[in-house]
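Proteins get letters first, then strands, A, B, ... in listed order; numbering begins at 1 in each.
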Amino acid sequence: MTVITRFPPSPTGYLHIGSARTALFSWLYARKHGGRFVLRIEDTDRERSSEESVQEILDGMSWLGLDYDEGPYFQTQRMNRYQEVIDQLLDAGKAYHCYCTREELDEMREQQRARGDKPRYDGRCRHRSQPPQDIPPVVRFKNPLDGNVVIDDLVKGRITISNNELDDLIIARSDGTPTYNFTVVVDDMDMQITHVIRGDDHVNNTPRQINILKALGVEPPRYAHVPMILGEDGKRLSKRHGAVSVMQYRDDGYLPQALVNYLMRLGWSHGDQEIFTRQEMIDLFDISSVQRGSAVFNPEKLLWLNYEYIKAGKVDELRDHARWHFENAGINIDEQANWEEVFRVNQQRSKTLLELVDRSLFFFREIDGYDAKSVNKHFKGQAGEILVELRGQLEHVRSDWGK
RNA sequence: GCUCCCUUCGUCUAGUGGUUAGGACGCCGGCCUCUCACGUCGGUAACAGGGGUUCGAGUCCCCUAGGGAGCGCCA
């Protein structure tokens with residue numbers, strides 16, 4: 001059996017650091033097992049989806065080096081297929097039309113909450129005999145009434161959920177468009193996904209999806225629910241914790257390999273090893289030894305790792321990653337004669353590429369001014385004479401520069 | 001509220017019944033050094049709490065507490 005994993009972002013913003021980690025795990029799993037990695041864009045929410053986001057995600061993945069073997073597929077291009085499966089379910093009596101109004105549903109949920117119950121649809125339209133003419137119906141999936149759903153999760157272990165905790169979820173809206181939990185199932189089925197690796201905010205969706213898969217007569221894939229990444233305050237990582245966009249890290253002068261390394265080590269470890277080459281990641285990473293609990297994102301450690309990568313980096317590779325940063329500073333690094341020497345002096349004292357660029361600038365361009373405060377503090381007394389003298393001395397050592 | 005999941009230094013983690021509970025980041029200090037660094041040596045700091053099981057529990061079981069997630073015609 002060929003392993004097929006997938007990464008299904010919705011293009012509603014930047015590529016989030018948490019999504020990137022899940023993508024990395026999926027990619028690693030596929031690469032490790034000689035399988036395929038599928039990219040699928042979940043763009044059914046037309047309101048919030050955008051072309052720019054798609055591009056941003058694509059850029060992020062390529063920057064991280066996460067190449068995919070199939071896709072990108074777009075859900076909006078698969079609408080006919082979803083409709084087909086909905087009809088199939090309807091015909092088989094495994095789904096039904098529901099004419100409940102939002103008001104009616106709200107009221108029902110309110111009563112359930114008041115009773116201390118979990119709000120869920122009570123299936124009142126399952127046997128509706130005379131459909132009202134003026135209400136466009138949604139389609140609901142007939143969830144089994146009893147029994148359990150068991151997930152043998154690759155990271156969480158066995159999870160058992162009782163079917164009476166689940167309700168008849170909507171698989172098609174009143175305008176006919178399919179909903180998330182349904183499209184995921186159809187896509188994973190059609191794309192023959194064997195391993196679903198995703199955030200553990202999806203564990204509660206999993207039993208529903210398994211039930212639909214079973215109704216469709218398909219064997220569910222294996223699941224691996226990886227924990228969320230939290231901010232310093234223990235809350236789910238979000239913008240208020242600082243940078244959460246992958247591309248922001250690129251802009252801030254991080255090396256992709258450092259980010260990838262950090263992300264993989266977050267919630268996973270291999271003995272005392274901290275630094276891994278790409279190949280080691282593929283060989284050593286094991287999804288089933290990912291930590292079960294969530295992990296707090298630690299920017300300091302990422303910074304340290306980045307520093308390690310810069311210190312140990314080959315100058316030409318560093319130059320490739322720093323090229324556009326230099327361009328931003330108005331320097332064409334490829335035209336600089338002594339750039340290698342400059343890199344070698346600075347790479348051991350720069351924690352980011354931005355710092356490296358900053359420290360290198362005065363080697364590459366004329367000084368256009370002095371810091372007033374420092375001038376007042378140091379340029380006094382004999383300082384001028386000494387500097388002139390020093391300059392004279394430097395003329396002689398110039399030919400030995402770097403030796 | 002209900003359901004599911006989780007719980008070792010501040011943070012990321014090792015640990016699979018017997019360890020002085022190990023490593024890493026951070027922080028503090030020593031050494032190296034004509035500067036800044038690199039490097040290097042050392043220190044700081046944890047098994048959430050309570051019951052069991054066992055000769056012996058961070059490791060197994062139960063309870064409590066705390067945290068996270070989900071409960072949409074969002075994904």
Side-chain angles (χ1 to χ4, degrees), chain A residues 8-13 19 41-49 75 98 100-102 105-106 109 112-121 135-140 149 151 153 155-162 164-167 169-184 198-208 225-237 262-275 289-305 307-308 310-312 344-351 359:
Chain A
S10 44
T12 55
S19 313
I41 308 293
E42 305 205 328
D43 56 350
T44 53
D45 184 352
R46 308 217 188 210
E47 299 282 293
R48 298 192 298 147
S49 299
Q75 290 192 322
C98 167
C100 295
T101 61
R102 290 176 199 255
L105 294 174
D106 286 344
R109 281 193 271 259
Q112 288 164 332
R113 272 184 205 279
R115 238 181 289 135
D117 289 343
K118 174 201 277 193
R120 58 187 191 275
Y121 184 66
I135 299 175
V138 299
V139 178
R140 286 185 186 272
V149 181
I151 311 166
D153 195 278
V155 346
K156 302 270 185 186
R158 173 162 294 199
I159 300 172
T160 305
I161 292 99
S162 171
N164 59 35
E165 290 297 333
L166 274 23
D167 64 0
L169 77 157
I170 292 173
I171 57 177
R173 304 182 182 92
S174 47
D175 66 0
T177 58
T179 58
Y180 168 76
N181 275 297
F182 181 72
T183 56
V184 168
R198 64 195 350 175
D200 72 359
D201 48 338
H202 286 289
V203 292
N204 293 289
N205 289 327
T206 306
R208 300 169 180 285
H225 287 97
V226 313
M228 306 271 81
I229 298 179
L230 273 26
E232 306 259 27
D233 57 357
K235 302 283 185 213
R236 196 169 163 164
L237 192 67
Y262 178 74
L263 256 19
M264 183 189 66
R265 261 296 274 109
L266 193 62
W268 178 85
S269 64
H270 182 259
D272 291 338
Q273 189 169 350
E274 294 288 348
I275 294 173
S289 55
V290 168
Q291 207 75 7
R292 291 179 174 200
S294 42
V296 173
F297 186 81
N298 185 336
E300 266 91 43
K301 186 149 184 179
L302 204 211
L303 187 62
W304 167 77
L305 251 182
Y307 189 23
E308 293 299 308
I310 289 179
K311 272 188 302 199
R344 274 192 256 278
V345 205
N346 285 151
Q347 72 181 126
Q348 62 182 230
R349 58 199 80 197
S350 306
K351 295 193 173 191
R359 288 174 196 281

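- Inter-residue side-chain proximity for A:L305 and A:R265 is flagged as unmet; no heavy-atom pair is nearer than 4.5 Å.
- Within the 4.0 angstrom heavy-atom criterion, only backbone atoms of the sugar-phosphate kind lie near A:Q291; the bases stay farther away.
- Looking at A:V155 and A:H225, their side chains never come closer than 4.5 Å, going by heavy atoms from C-beta outward.
- For A:R292 and B:C12, the CZ to C1' distance is 19 Å, given to the nearest whole Å.
- Rounded to whole Å, the P atom of B:U8 lies 23 Å from the corresponding atom of B:C27.
- Atom pair A:H270:NE2 and B:G15:P shows a separation of 10 Å (rounding to whole Å applied).
- Between the side chains of A:R102 and A:S174, no donor-acceptor pair of N or O atoms lies under 3.5 Å.
- With a cut-off of 3.5 Å on both Watson-Crick or G-U wobble distances, the partner of B:C47 is given as none.
- Spacing of C1' atoms, B:G10 relative to B:A46, comes out at 10 Å, to the nearest Å.
- Nucleotides B:A69 and B:G30 place their P atoms 44 Å apart, quoted to the nearest Å.
- With hydrogens and angles left out, the side-chain atoms of A:T177 and A:D175 include a donor and acceptor closer than 3.5 Å.
- Rounded to whole angstrom, the span from the CD1 atom of A:I310 across to the C1' atom of B:A37 amounts to 14 Å.
- B:C2 is paired with B:G70 under the criterion used here, namely a Watson-Crick or G-U wobble arrangement in which both key atom distances are under 3.5 Å.
- Where A:G293 and A:P178 meet RNA chain B, the nucleotide closest to each residue was compared, and A:G293 sits on the side nearer the 5' end.
- Looking only at side-chain heavy atoms (C-beta outward), A:T44 and A:Y180 stay at 4.5 Å or farther from each other.
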Sugar-phosphate or base contact per nucleotide [nucleotides 19-26 of chain B; S, B, -; heavy atom under 4.0 Å]
---BBBS-
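- When both distances must be under 3.5 Å, the Watson-Crick or G-U wobble mate of B:U20 does not exist.
- Put simply, the side chain of A:E232 reaches to within 4.5 Å of the side chain of A:P299, judged on heavy atoms.
- Taking CG of A:D43 as the start and CD of A:Q75 as the end, the distance is 6.5 Å to the nearest 0.5 Å.
- Because its glycosidic torsion is within 90° of 0, B:C38 is reported here as syn.
- Where A:R48 and A:Y262 each meet RNA chain B at their nearest nucleotide, the meeting point lying more 5' is that of A:Y262.
- A:L169 is not listed as a side-chain neighbour of A:F182, based on a closest heavy-atom distance of 4.5 Å or more.
- Spacing between atom CZ of A:R359 and atom P of B:A37 amounts to 9 Å, rounded to whole angstrom units.
- A:Y262 is listed as a side-chain neighbour of A:N298, based on a closest heavy-atom distance under 4.5 Å.
- Using a 4.0 Å heavy-atom cutoff across all strands shown, A:F182 reaches no nucleic acid atom at all.
- Within the 4.5 Å cutoff, side-chain heavy atoms of A:P9 are placed close to those of A:I41.
- Pairing for B:C32 is absent, with no Watson-Crick or G-U wobble pair whose two atom distances lie under 3.5 Å.
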Using a 4.0 Å heavy-atom cut-off to protein, can you give one letter per nucleotide of nucleotides 66-73 of chain B, 5' to 3': B if the base is in contact, S if only the sugar-phosphate is, - if neither?
--SBBBSB
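- Spacing between atom CD1 of A:I229 and atom P of B:C6 amounts to 18 Å, rounded to whole angstrom units.
- Here A:G199 lies out of heavy-atom contact (under 4.0 Å) with every strand.
- B:A75 makes up no base pair with any nucleotide shown, lacking Watson-Crick or G-U wobble contacts both under 3.5 Å.
- The separation between A:L305 atom CG and B:U13 atom P is 14 Å, rounded to whole Å.
- Pair check for B:A14 finds none; no Watson-Crick or G-U wobble contact set falls under 3.5 Å.
- No side-chain donor from either of A:E300 and A:W304 sits under 3.5 Å from a side-chain acceptor of the other.
- For the pair A:Q348 CD and B:A37 P, the computed distance is 11 Å after rounding to whole Å.
- B:C9 and B:A14: their C1' atoms are spaced 13 Å apart (whole Å).
- Between the CD atom of A:Q75 and the P atom of B:A75 there is a distance of 9 Å, rounded to whole Å.
- Straight-line distance between the C1' atoms of B:C12 and B:G26: roughly 11 Å, to the nearest whole Å.
- Picking from B:U13, B:C4, B:C2 the nucleotide with the shortest atom distance to the side chain of A:A295 gives B:U13.
- Remark: of the listed residues A:D200, A:N204, A:N205, A:T206, A:N205 is the sole one forming a side chain to side chain donor-acceptor pair (under 3.5 Å) with A:H202.
- B:G58 and B:G22 have their C1' atoms separated by 13 Å, given to the nearest Å.
- At least one side-chain nitrogen or oxygen of A:T44 sits closer than 4.0 Å to the OP1 or OP2 atom of B:A75.
- B:C34 and B:G29 are spaced 22 Å apart, taking the P atom of each and rounding to whole Å.
- The gap from the C1' atom of B:U33 to that of B:G15 amounts to 40 Å, rounded to the nearest Å.
- Pair check for B:A65 finds B:U7; Watson-Crick or G-U wobble, both atom distances under 3.5 Å.
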